[in-house]
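In what follows, chains carry the letters A, B, and so on, assigned in the order in which the sequence lines appear, proteins first and then strands, with residues in each chain numbered from 1.
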Protein chains: 2
Amino acid sequence: MRTVTIADVAKHAGVAVSTVSYVLSGKRAISATTRQRVLDSVRVLGYHPNAGARALASKRAKVIALVLPLRAGMNLPVLMQFATSVVTTARQYDHDVLLMTADEGPDGLHRVAASALVDGLLLMDVEIHDPRVPLLRRLAEPAVLIGFPADPEGLTCVDLDFARAGALCADHLADLGRREIVLLGAPSVVYERGTGFAERTMAGFAEAAARHGLKAGAWPCEESFDEVHAAVKRLLDERPGLSGLVVHNEAAAGHVLGALRILGRRVPEDVSVVAICPDDIAERASPALTSVLVPAEDVGRQAVRLLMAKLEGQSVPESTLLEPRLTIRESSR
Amino acid sequence: MRTVTIADVAKHAGVAVSTVSYVLSGKRAISATTRQRVLDSVRVLGYHPNAGARALASKRAKVIALVLPLRAGMNLPVLMQFATSVVTTARQYDHDVLLMTADEGPDGLHRVAASALVDGLLLMDVEIHDPRVPLLRRLAEPAVLIGFPADPEGLTCVDLDFARAGALCADHLADLGRREIVLLGAPSVVYERGTGFAERTMAGFAEAAARHGLKAGAWPCEESFDEVHAAVKRLLDERPGLSGLVVHNEAAAGHVLGALRILGRRVPEDVSVVAICPDDIAERASPALTSVLVPAEDVGRQAVRLLMAKLEGQSVPESTLLEPRLTIRESSR
DNA sequence: GCAGGTCATCGAAGCGCTTCGACGCGAAGG
DNA sequence: CCTTCGCGTCGAAGCGCTTCGATGACCTGC
């Protein structure tokens, strides 16, 4: 049983190969009757265009690369939601997704781009000084970045507006009458790596706190229960008047609540807690956390759309910031 | 700047196109001098073979599909480790990985296979009665499954030997002199879905417990802290003599320890706890959990190897069970 | 010293598809 | 009535690569 080719379809429908191609691509007008005949033949024979041949002739592989930082330190649920939404959205545009890990580095990107395996690139977890960015600028293939490098000039970047998110949290705590607040952030290694989003959150938070005249501070925060516990203990020792906490660290959020409980602080009576994390984590915590969600699905969808637009040759904004949304739950009032 | 083709390389090296091809594929003997000349030209010109053309001519895309269950209920870190190891291993065989979500279903598999987009398939999270299995049997493309359907006849399946894992846990607890033990498993929805590994663990556990003459039981277990807490409370009420616990649920493992602490049971003095989960979770828990790790990386590597072997036309075992390893930590003695 | 065999290389035929230019035909316009 | 146009369709030329058979050149061994 040989695989069905476009020539088989053409013969079966009694038309030329090119006619079948035009029916399938819609790039030229075809009469309704012919179109229907061809479509029927396609169905009857179970025809699927050969991806390689199509790519070769059209110079479009209909595949995009998704470069994921498959290493420790990232929040997995978010990554997954993101990946899912990228795959789903790409399929809506009739594209598939090639999975790459960041540790293939710039060479890997160059390889898939140069071999025309993919038409475009989606890079996640872009760092401030990302070695891949200079390459991207040189590449013919369009790319969309999740996150912002130091100089986004000429690139296309998408992200949650973390500065607004940080500010939103501070605003909320201020509204609740909390006067002394602290931001518990990512593990210190993340800051050292210069991942932009952590810093932008801090900046937005600090700005809003200052605007409200609050006493505010920001601490990095590790992810194991013991380390979180120790950090919260130190925090409460240094800031006995602490009444508001923003946790920008998905893995630590649950532990923070546990630590506060053990250390005799009631949430939300004594301390209001707000997290910047995916909804599922916030909801599962006890008490449920007021949170600004990282809209991983939106980011993925938006990123794919931008990439598709670029593939069409349309021009797109350099920077797309997604508006954060605060959901109020039990942990703050 | 047109992209460099094999013809450019041939001209630059002063040889025929086919010679370049043979140098690159190694499928025919080429003299050392010619080979070197060609390789130099490749380097100088920055040649990358066009993936589409290669696929078309050779009928090999050098891409495999990885079908991931990107939905709730799976353990994300494990999934990630697995995905990473698949991508890394595939690259070692000079293959790339196309990411697919399970929700494209059998049609999606058929599409990528029929369009020759991929040469083979790797399916994760195979269920007992998986609708994709009949399709796989019909497909020309080789496939490797992670997990076991009801009838693995004619397929190629890889998994941790969960029965041995369950038994290993029971053995360990018996060795410690624990006489009354319980297995806390996956959320009940997982059992209802008929995911084989959960049941096989239970079977192995029960068999070993019986062999040691232990009083044993098995409970499903949800994943939120509150539900875990409630379940553990109920468990202790019903089985006041409980002295050994096996937790086969990565998300709940940490919560179980917390619940025991709150309910006044010391670990490991009163209750020894063993988990079946990735090492990182076991290590991060407090006290650190004795655990049987799910060797996600091994599974991924092994699965890719099997798939590559099948692509070479070699015959491979229908079933590959990976031996579990128990790591003893603080939570049991 | 020549038949037979290697070894290294070449040329050309596809692989299955897209796309461009051409063509025939009926309708519209002069 | 003849030209012009546009619509629907066709044929053929690639796209860049692999692979098969062919061709010399060079050894062997009798």
Check: residues 151-161 of chain A side-chain donor-acceptor pairs under 3.5 Å, at least two apart:
| residue | atom | partner | partner atom | Å |
| --- | --- | --- | --- | --- |
| A/D151 | OD1 | A/E153 | N | 3.0 |
| A/T156 | OG1 | A/K310 | NZ | 2.8 |
| A/D159 | OD2 | A/R200 | NH2 | 3.2 |
| A/D161 | OD1 | A/A163 | N | 3.4 |
| A/D161 | OD1 | A/R164 | N | 3.2 |

Please tabulate, one pair per line, all N/O donor-acceptor pairs under 3.5 Å involving side-chain atoms of residues 93-101 of chain A, not counting sequence neighbours.
| residue | atom | partner | partner atom | Å |
| --- | --- | --- | --- | --- |
| A/D94 | OD2 | A/K62 | NZ | 3.3 |
| A/D96 | OD1 | B/R111 | NH2 | 2.9 |
| A/D96 | OD2 | B/R111 | NH1 | 2.9 |
| A/T101 | OG1 | A/D103 | OD1 | 2.8 |

Could you pull out all donor-acceptor pairs under 3.5 Å where a side-chain atom in residues 294-302 of chain B meets a protein atom, sequence neighbours excluded?
| residue | atom | partner | partner atom | Å |
| --- | --- | --- | --- | --- |
| B/D298 | OD1 | B/R301 | NH1 | 3.4 |

Do any side-chain atoms of residues 42-57 of chain B form donor-acceptor pairs under 3.5 angstrom with protein atoms, and if so which ones, sequence neighbours left out?
| residue | atom | partner | partner atom | Å |
| --- | --- | --- | --- | --- |
| B/N50 | OD1 | B/G52 | N | 2.8 |
| B/N50 | OD1 | B/A53 | N | 2.8 |

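Regarding contacts with the backbone of D/dC17, every side-chain N or O of B/K59 stays at 4.0 angstrom or more from both OP1 and OP2.
Atom pair A/K11:NZ and D/dC10:P shows a separation of 15 Å (rounding to whole Å applied). Atom CD1 of A/I30 is separated from atom C1' of D/dG6 by 14 Å (rounded to the nearest Å). D/dC17 atom P lies 12 Å from atom NE2 of B/H48, rounded to whole Å. The CG-C1' distance, from B/N50 to C/dC15, rounds to 13 Å in whole Å. Rounded to a whole Å, the CG atom of B/D8 is 13 Å from the C1' atom of D/dC15. The separation between B/L56 atom CG and C/dA13 atom C1' is 13 Å, rounded to whole Å.
Evaluation of the salt bridge (Lys or Arg N to Asp or Glu O under 4.0 Å) test over residues 6-33 of chain A, restricted to residues two or more places apart or in two chains, returns A/R2-A/D8. Evaluation of the salt bridge (Lys or Arg N to Asp or Glu O under 4.0 Å) test over residues 77-88 of chain B, restricted to residues two or more places apart or in two chains, returns none.
Overall bending of the helix from C/dG1-D/dC30 to C/dG30-D/dC1, expressed as the angle between end axes built from five pairs apiece, is 40° (10° steps).
For A/Q36, the side chain to side chain donor-acceptor pair (under 3.5 Å) partners at least two apart in sequence or on another chain are A/D40.
Rounding to the nearest 0.5 angstrom, the gap separating the CZ atom in B/R132 from the CG atom in B/L123 is 5.0 Å.
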remark   = For nucleotides 18-28 of chain D, 5' to 3', base contacts (B), sugar-phosphate-only contacts (S) and non-contacts (-) with protein non-hydrogen atoms under 4.0 Å give BBBBB------

